[in-house]
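Just follow the structure's listing: the first ligand is 1, and inside any ligand the first atom is 1. The shown structure was predicted, so the numbers you read here are calculated from the model rather than taken from an experiment.
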Amino acid sequence: MMTLDTPSSSSSSSSSLLISRKDAHIVMGYLHYERMKLAIKLARYALDHNETPVACIFIHEPTNSVIAYGLNATNHSLTGVAHAEFMGIEQIKNLVGPHHLMDFFKDVVLYVTVEPCIMCASALKQLNIKKVVFGCANERFGGNGTVLHINKDKALLNAPSLPKAESASYEAIPGILRKEAIMLLRYFYVRENKSAVTPRNKAERNLDKETFPDLIWSTYIDRETFIQEFGSAQSIHYENNSDLMSFNDDIDWSLIETPWDDIVEDLNEKCQSFNMIQRKKSKLETV
Ligand SMILES: [Zn+2]
């Protein structure tokens, strides 16, 4: 198992200009984990507000900043298209304006607890997103490999509205906090059924906390991409279809069983500080 108890030590050793390949992969893995944690907290928040626990955050990669977030709002909005990704895309639209949107998105990485559906995967492609990182598979509607491979699909690349074909295709990396994402969905289905004949506590007793489907890496990325992302030391997980981001060697129960009431406030603050830096920058550029 990959352990990352001392991420600061690995990043401080990188202060010498040369950062070893192995260190780079550990730092990247740690970043994936930390960013996805925010998305998981937000998904838990969605669960506590009677929504499907699917949530995302958008990262501006060059500045390592949270710039937008989204949570599922299909219950409250009564529309089937109010997916987490669209909420975040709207925020970014407001941030940079419609004209710079595609240029801006080439530096943006999405972290989403559940694989984007076919609709969202297509929207993200048309916006020219850099990369998607997700937790668990979307078994019924997944558009990043599970059902369709929209992010690599050639037909969509030929659409006249899209930029250069090569740049529009994006990698979608699965498996970050995957079991946590699955557990949140299981909690949701237990709550959904609480009005059913089975009493809730009985349903919760039946909640499966032990078994998880395999993670078939090759459904989503090739071996080369896997090694680029996580390093060759981890490649055994690629062959074994097993999880690698098990930072605690187990599910992070406290992460998914805590109601993160302040998470929206917290994310708003993060987004606002990026917004302010952007405004200052554009002011300087116009002087
Ligand atoms: Zn969607």
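- Ion pairing between E61 and R35 holds under the 4.0 Å rule for side-chain N and carboxylate O.
- Looking only at protein N/O/S atoms, the ones less than 2.8 Å from the Zn ion (ligand 1) make 3 in total.
- Evaluation of the salt bridge (Lys or Arg N to Asp or Glu O under 4.0 Å) test over residues 88-99, restricted to residues two or more places apart or in two chains, returns E90-K93.
- Taking a cutoff of 4.0 Å between a charged side-chain nitrogen and a carboxylate oxygen, K41 and D262 do not qualify as a salt bridge.
- In this structure, CZ on F188 lies 4.0 Å from OG1 on T52, to the nearest 0.5 angstrom.
- Taking the ring centroids of F230 and Y238, they lie at or beyond the 6.0 Å cut-off.
- Using modelled atom types and a 3.5 Å distance limit, the side chains of E269 and S273 yield no donor-acceptor pair.
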